[in-house]
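Data block below; observations after.
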2 protein chains.
Amino acid sequence: MSSRSRTRAKRAPTPELLSLIAARFRALAEPARLAILHALEGQERTVTELVEATGLGQGNLSKHLQQLHAGGFVSRRRDGLFVYYELADRNVLALCEIMCGRLESDLVTSHKIVSTR
Amino acid sequence: MSSRSRTRAKRAPTPELLSLIAARFRALAEPARLAILHALEGQERTVTELVEATGLGQGNLSKHLQQLHAGGFVSRRRDGLFVYYELADRNVLALCEIMCGRLESDLVTSHKIVSTR
DNA sequence: CTAGCGTATGCACGTTCAGGAATATATACT
DNA sequence: AGTATATATTCCTGAACGTGCATACGCTAG
């Protein structure tokens, strides 16, 4: 029965590591935060501008920004009263694009929208 | 005050699209599911094998597999009593690697708790 | 068809988290 | 000093989700 460590895991990722990675993904697992990241694509913005761009409440938006900042997805810079947020890493966009790519594939595969055909 | 559509959004992603993408990320926002994907790296496995590899309960694991399957991250193949799951897309691993890369950078930057010192 | 194994699904409970409203903090101006 | 604006934080509530247990479903063998 090969009772012992028959499992052929290449390297066992510790539960702590998995939790950290999962937390990162969780930061992107929210439409509101994706909208924020999209609004920051290519340009820095103040919280007020993001409120206008996303339609989120100010307090709510600020909380999302804290999460994105804690996750290292955005950086901030203070200028007087305003705080300017900007994307801290281009990998973020890469992640979203991969997801979008997967999404398109599945939508086409399934049998709906896209292409007249 | 730039009242009108002063917002320079390149393309406005619909809320529905954002929700779909967020749902994909959410599927990866769980340590248990990441462990499953890791266990499937390079080889297909039955549910029972995954139970042994991950230490999750059978019912619980099965539910996670349904989510991963619904998200298109894994595919399944039935062979008699057993159901073999395997990674459906190598982009999944790419996503995890990017996240890991970001994680390592941040850990080194902050306190550096990585690996065996 | 009966029995047994592997897998999936339903139910209940506890936790987590987004959302809004109100309030607190920070900076600038007079 | 005080006021005004921009941002952050706190409290609360409802919904979503992971987990364990029990049970139903699918398949094979006898």
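Each chain gets a letter, A, B and so on, in the order its sequence line appears, and its residues count up from 1.
Considering all non-hydrogen atoms of both residues, N91(B) and I98(A) come closest at CB-CG2, 3.8 Å. The two residues L68(B) and A27(B) have their closest heavy-atom pair at CD2-O, 4.1 Å. Closest approach of L65(B) and Y85(B) over heavy atoms only: CD1-CE1, 3.6 Å. Of all heavy-atom pairs spanning L56(B) and A32(B), the tightest one is CD1-CB, 3.8 Å. Listed here is the closest heavy atom pair of A88(A) and G72(A): CB-O, 3.6 Å. The minimum heavy-atom distance linking Q43(A) with R45(A) is given by the pair NE2-NH2, 3.3 Å.
Residues meeting the side-chain hydrogen bond (donor to acceptor under 3.5 Å, both in side chains) test with E44(B), sequence neighbours left out: R77(B). With sequence neighbours excluded, no residue satisfies side-chain hydrogen bond (donor to acceptor under 3.5 Å, both in side chains) with R78(B).
We find the CZ-CD1 distance between R26(A) and I21(A) to be 14.5 Å, quoted to the nearest 0.5 Å. Here the straight-line distance linking atom CG of L81(A) with atom OG1 of T46(A) works out to 11.0 Å at 0.5 Å rounding. Summarising the geometry, atom CZ belonging to R24(B) is positioned 14.5 Å from atom CG belonging to L28(A); distances are rounded to the nearest 0.5 Å.
Computed from coordinates, the Q66(A) CD to dT7(D) P distance equals 12 Å when rounded to whole Å. Here dA6(D) presents its P atom at 11 Å from CD of E49(A), a figure rounded to the nearest Å.
Closest-nucleotide positions on DNA chain C for G59(B) and R78(A) were compared, and the one nearer the 5' end corresponds to G59(B).
Side-chain atoms of I36(A) and V74(A), non-hydrogen and from C-beta on, never get closer than 4.5 Å to each other.
Q58(B) comes within 4.0 angstrom of a base, heavy atoms only. Within 4.0 Å (heavy atoms only), S62(B) reaches at least one base atom of the nucleic acid.
Of all nucleotides in DNA chain C having an atom under 4.0 Å from a heavy atom of chain B, the first and last in 5' to 3' order are dC5(C) to dC11(C).
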Problem set entry | Pairing pattern in dot-bracket form [Watson-Crick, G-U; both distances under 3.5 Å; | = partner strand] for DNA chain D | ||||||||||||||||||||||||||||||
Taking only nitrogen or oxygen atoms into account, show me every contact under 3.5 Å that the protein makes with nucleotides 13-19 of chain D, one pair per line with its distance.
| unit_1 | atom_1 | unit_2 | atom_2 | d |
| --- | --- | --- | --- | --- |
| dG18(D) | OP1 | R33(B) | NH1 | 2.9 |
| dG18(D) | OP1 | R33(B) | NH2 | 2.6 |
| dG18(D) | OP2 | Q67(B) | NE2 | 3.1 |
| dT19(D) | OP2 | N60(B) | ND2 | 3.1 |
| dT19(D) | OP2 | H64(B) | NE2 | 2.5 |
| dT19(D) | O5' | N60(B) | ND2 | 3.1 |

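Of all the residues in residues 81-88 of chain A, L81(A), F82(A), V83(A), Y85(A) reach under 4.0 Å from DNA chain D with at least one non-hydrogen atom.
Side-chain atoms of H38(A) and E41(A) form a donor-acceptor pair, as typed in the model, at a separation below 3.5 Å.
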